[in-house]
Participant: 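Please find one structure pasted underneath; my questions will follow.
Every chain is numbered from 1, with letters handed out A, B, ... down the list of sequences.
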Amino acid sequence: MHEVIISEKPKSAEKIAKALSSKAQKKKYGRKISYWEFEEDGKRTTVLSAVGHLYSLTSATSRDRLGFDLKWVPAYEVEKNSGYVRDYVYAIKKLSKDADKFVHACDYDVEGTLIGYNALKYACGNNAEAKASRMKFSTLTKKDIVEAYNHMIDIDLHQVDSGIARHMLDYYFGMNISSALMKAVRSSSSSRISLSAGRVQTPTLSILVDREKEIQSFIPEPYWQIKAKSDFDIIANHVEDKIFDEERAKRIFDECQGADATVTNVNVKETIRKPPIPFNLGGLQSEAHTVFGFSPKRTQVAAQNLYVGGYTSYPRTSSQKLPESLGFKEIFAGLLKDEEFRKHIADLPAKLKPNEGKKEDAAHPAIHPTGVLPSNLSPDEEKIYRLIVYRFISVFSEDSKLETMKVDLNVNNEEFVFTRKRVSHEGWLKHYPFKKQEADEFPPLKKGDFLKIHEIISEEKETKPPARYNEASLIKELEKRELGTKATRADIIAKLYDRKYIDGKKIEVKPLGVHIIDTLKQYCKNLTSEELTREFERELDCLSADKITKEEILANGEKEVRSILKDINNNQKEIGSKLYESYQESNVVGECSCGGKLLKKYSRRNKQTFIGCSNFPQCRNTYSLPKGANILKSTCPTCGLPMISIKRKGQKGREHVCLDPNCGKEVSKRRAPEVVGKCPECGRDLLKRSGRFGEFVGCSGFPQCRFSCQLKDLDKILLEKSEELSK
DNA sequence: GCAAGGTC
């Protein structure tokens, strides 16, 4: 009897094997793939693992991967960067060959069910998916695993169908519409540009476009703030804060001139600040963005590496909870071996109770250190690791206390106010070095005191448009709207940058991004909003309730996409030319000396980005971009070309220089070439030059006169020529 | 080349 258990990822395979038998042995298939095996009561059990989805959809009929007739193929055949999947598929194929019992032990959700189902169906084969039993667990603790193993259920075919339908619908809409947009551009300009649209990326872009339009159409309103300066570095604000009436501002300003202040009230109060809550992926990404300026993707990569190394827990979790079963004592015992951490852990209360957040996750707890101390971390991993450890420690720490002083002043019957804040009890703040602590001085004031006013200031300001999103705040917005999943949000945003729809840390939408949304709003409105996701959800719920079949859902989807494609194709030329125009506009970086526009271009031949002119081929001005250079918005004061920021080797920080590396250098400074004689053919100067094959001599009349020779041969040639002439 | 979803 041979039983094969298939889990979703290598880490779960290990946990499942160890929970089911103390005799479980780690084995290797090839050099890279681990699996687990044990034998009890004459039954051999092999615990294998997938690595997420092993199979991907592709077109069953067309070579260009388009259409509606789809099939599942091994992911490594159609997706780049999926090469590592190959060995896992082979391992499952090989090691399950003689199995007579199959167990599906992937995460208990729609995607997990499909991952295991496809592994059984396509890798194990022989109808394994129909014979298999299903383990249902919510955490990978020994108790849950054993319980699930002892009470196995059938595979939920509704979950399987939901998963398949979701994958297919995303393919229908995403692949076909993206391709139609690119085809439209090709039809009008014969240019190839990468364009894409999808159920998640398009609404995400749409959120950014809406914000962009709000900012563009914002009309700032002037207002005034009146401030009073006094001893103890006090700057008190007039209680009305923003005064929109200029007359009134002026009146207050005038009336306060020369007057002193009376303290009418002093209020000091203490507030409690609870420790922070444990990190889920979004929380970690947001904090790393604030503290280190890391993009969510960068944080995710570092956290994944820490997890694979065994130093921190599974990162793709939405949980903000730390169950006691994790064994806090053991984790801290591990961390104690680090001198720096020990100082902080020593302070913790005897009873370890974490301050938790509200969010939960069926499969994983919040992100936490495992207690295994790392070595050889990259700088990014080191930063993220310390952040996770200190957050973990502070979650268990005491409350901190903040003292706030609020002082009311009366200046010639106008009321002013100022506040000061200081931490009165450090508590958890002592263990969380990433948060700035308030430490204002409290001036010794009491009710009835007089204060000399040194100056009254009136500041004219303007109301500001809503702030731009950054990557972290956008991820939060996507979480709120339930767009994408915790594992994909960072990738989706990275994709929008890749496509050149958006730009900058404070996200700006480029003309191409705005235009993609304009086009799609016209031809398939529900793709630009969350409506498509909600429509999928509604239909998949109906599928689970047996109110609709998978085939019906897919037929509806196909009908909808086909009608969109027809509309796009009927207006192909117009859509294409408009998109291409905005694409070019998106690449304008400045003005060329010929009056044309300088564009960012890509040379296929050199595989490099460079700057060229929109008047090419009439204007052949080009500038190369040094590696890692960023084009800035500012222009060079000398020549008007855009400035770029570059990083020089061995230098700290970045340097801002003109796009033209010869800008400002006078011709004479470029070392005028040396005159070495007169041209024997035209009588003009001969100049010493250096070329690919060493020094040579050329005529200054080039290209009208093309005389040239090697420097060492010059004397001989001149002699020959003069002899020829004298003959 | 184009999606979104798992994962190393």
Participant: Considering every strand and a 4.0 Å limit on heavy-atom distances, what is the contact class for A:Glu79: base, sugar-phosphate, or nothing?
Facilitator: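 Touches a base.
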Participant: Which is true for A:Gln304 with a 4.0 Å heavy-atom rule: it touches a base, it touches only sugar-phosphate, or it touches nothing?
Facilitator: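 Answer is base: heavy atoms of A:Gln304 come under 4.0 Å of a base.
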Participant: Closest to the A:Arg199 side chain: B:dA4, B:dC2, B:dG6?
Facilitator: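 Per side-chain heavy atoms of A:Arg199, the pick is B:dA4.
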Participant: Before accepting this row, confirm whether a basic side-chain N of the pair A:Lys297/A:Glu471 lies closer than 4.0 Å to the acidic partner's carboxylate O.
Facilitator: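 Here A:Lys297 does not pair with A:Glu471 in a salt bridge, since their nearest N and O are not under 4.0 Å apart.
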Participant: How would you label the contact of A:Asn176 with the nucleic acid (heavy atoms, under 4.0 Å): base, sugar-phosphate, or nothing?
Facilitator: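 No contact.
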Participant: Heavy atoms from C-beta onward define the side chain here; which of B:dG5, B:dT7, B:dC2 lies closest to that of A:Ser56?
Facilitator: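 Nearest to the side chain of A:Ser56 among the choices is B:dG5.
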Participant: Could you give the CD-to-P distance, from A:Glu482 to B:dG5, as a whole number of Å?
Facilitator: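 Answer to the nearest Å: 12 Å.
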Participant: Taking the side chain as C-beta and beyond, is there a heavy-atom pair between A:Leu284 and A:Pro315 under 4.5 Å?
Facilitator: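 No - every pair of side-chain heavy atoms lies 4.5 Å or more apart.
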Participant: When we call it a touch if two heavy atoms are under 4.0 Å apart, what does A:Tyr307 touch: a base, just sugar-phosphate, or nothing?
Facilitator: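 Sugar-phosphate contact only.
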Participant: Using a cut-off of 4.0 Å on non-hydrogen atoms, how would the nucleic acid contact of A:Ala180 be classed: base, sugar-phosphate, or nothing?
Facilitator: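 No contact.
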Participant: Would you verify whether the NZ or CZ of A:Lys94 falls within 45 degrees of the ring axis of A:Tyr29 while also being under 6.0 Å from that six-membered ring's centre?
Facilitator: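 No, a cation-pi geometry is absent between A:Lys94 and A:Tyr29.
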Participant: Looking for any heavy atom pair under 4.0 Å, which part of the strands does A:Ile492 touch: base, sugar-phosphate only, or nothing?
Facilitator: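 Sugar-phosphate only.
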Participant: When we call it a touch if two heavy atoms are under 4.0 Å apart, what does A:Thr485 touch: a base, just sugar-phosphate, or nothing?
Facilitator: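 Answer is sugar-phosphate: A:Thr485 comes under 4.0 Å of backbone atoms only.
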Participant: Using a 4.0 Å heavy-atom cut-off across all strands, classify A:Gly484 as base, sugar-phosphate, or nothing.
Facilitator: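 The residue A:Gly484 makes sugar-phosphate contact but no base contact.
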Participant: Mapping A:Leu57 and A:Leu54 to their closest nucleotides on DNA chain B, which lands nearer the 5' end?
Facilitator: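 In this pair, the answer is A:Leu57.
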Participant: Please work out if A:Tyr314 contacts a base, only the sugar-phosphate, or nothing of the nucleic acid, heavy-atom cut-off 4.0 Å.
Facilitator: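 The answer is sugar-phosphate, as A:Tyr314 gets under 4.0 Å only of primed atoms, P, OP1 or OP2.
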Participant: Looking at A:Lys15, I want to see if its NZ is surrounded by more than 12 non-hydrogen atoms of other residues, nucleotides or ligands under 6.0 Å.
Facilitator: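 No, NZ of A:Lys15 has 12 or fewer neighbouring heavy atoms, counting only those of other groups under 6.0 Å.
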Participant: Using a 4.0 Å heavy-atom cut-off, does A:Arg499 contact any base of the nucleic acid, only the sugar-phosphate backbone, or nothing at all?
Facilitator: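 If one applies the 4.0 Å heavy-atom cut-off, A:Arg499 turns out to touch the sugar-phosphate alone, with no base involved.
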Participant: Considering only side-chain heavy atoms of A:Asp170, which listed nucleotide, B:dC8, B:dC2, B:dA4, is closest?
Facilitator: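 Looking only at side-chain atoms, A:Asp170 lies closest to B:dA4.
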Participant: Establish, with yes or no, whether the OP1 or OP2 oxygen of B:dC2 is under 4.0 angstrom from a side-chain nitrogen or oxygen of A:Ser194.
Facilitator: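 Indeed, a polar side-chain atom of A:Ser194 lies that close.
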Participant: With sugar-phosphate meaning primed atoms plus P, OP1 and OP2, does A:Arg316 contact a base, only sugar-phosphate, or nothing at under 4.0 Å between heavy atoms?
Facilitator: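 Base, at least one base heavy atom under 4.0 Å.
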Participant: Base, sugar-phosphate, or nothing for A:Lys495, non-hydrogen atoms under 4.0 angstrom?
Facilitator: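 Sugar-phosphate: the residue A:Lys495, judged by heavy atoms under 4.0 Å, touches backbone atoms but no base.
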Participant: Report the residues that fulfil salt bridge (charged side-chain N to carboxylate O under 4.0 Å, His left out) with A:Glu360, sequence neighbours left out, ordered by chain and then residue number.
Facilitator: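 Checked A:Glu360 against salt bridge (charged side-chain N to carboxylate O under 4.0 Å, His left out); zero matches.
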Participant: Side chain of A:Val200: nearest nucleotide among B:dA4, B:dC2, B:dC8?
Facilitator: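 The answer is B:dA4.
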Participant: Give a yes-or-no answer on whether the side chains of A:Thr139 and A:Thr141 include a donor-acceptor pair shorter than 3.5 Å.
Facilitator: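 A donor-acceptor contact under 3.5 Å links the two side chains.
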Participant: For a quick check of understanding: with a heavy-atom distance under 4.0 Å over all strands, which category does A:Ser196 fall into, base, sugar-phosphate or nothing?
Facilitator: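 Sugar-phosphate contact only - A:Ser196 comes under 4.0 Å of backbone atoms but never of a base.
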Participant: Could you please name the option among B:dA4, B:dG1, B:dG6 that lies closest to any side-chain atom of A:Tyr84?
Facilitator: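 In terms of side-chain proximity for A:Tyr84, the closest of B:dA4, B:dG1, B:dG6 is B:dG6.
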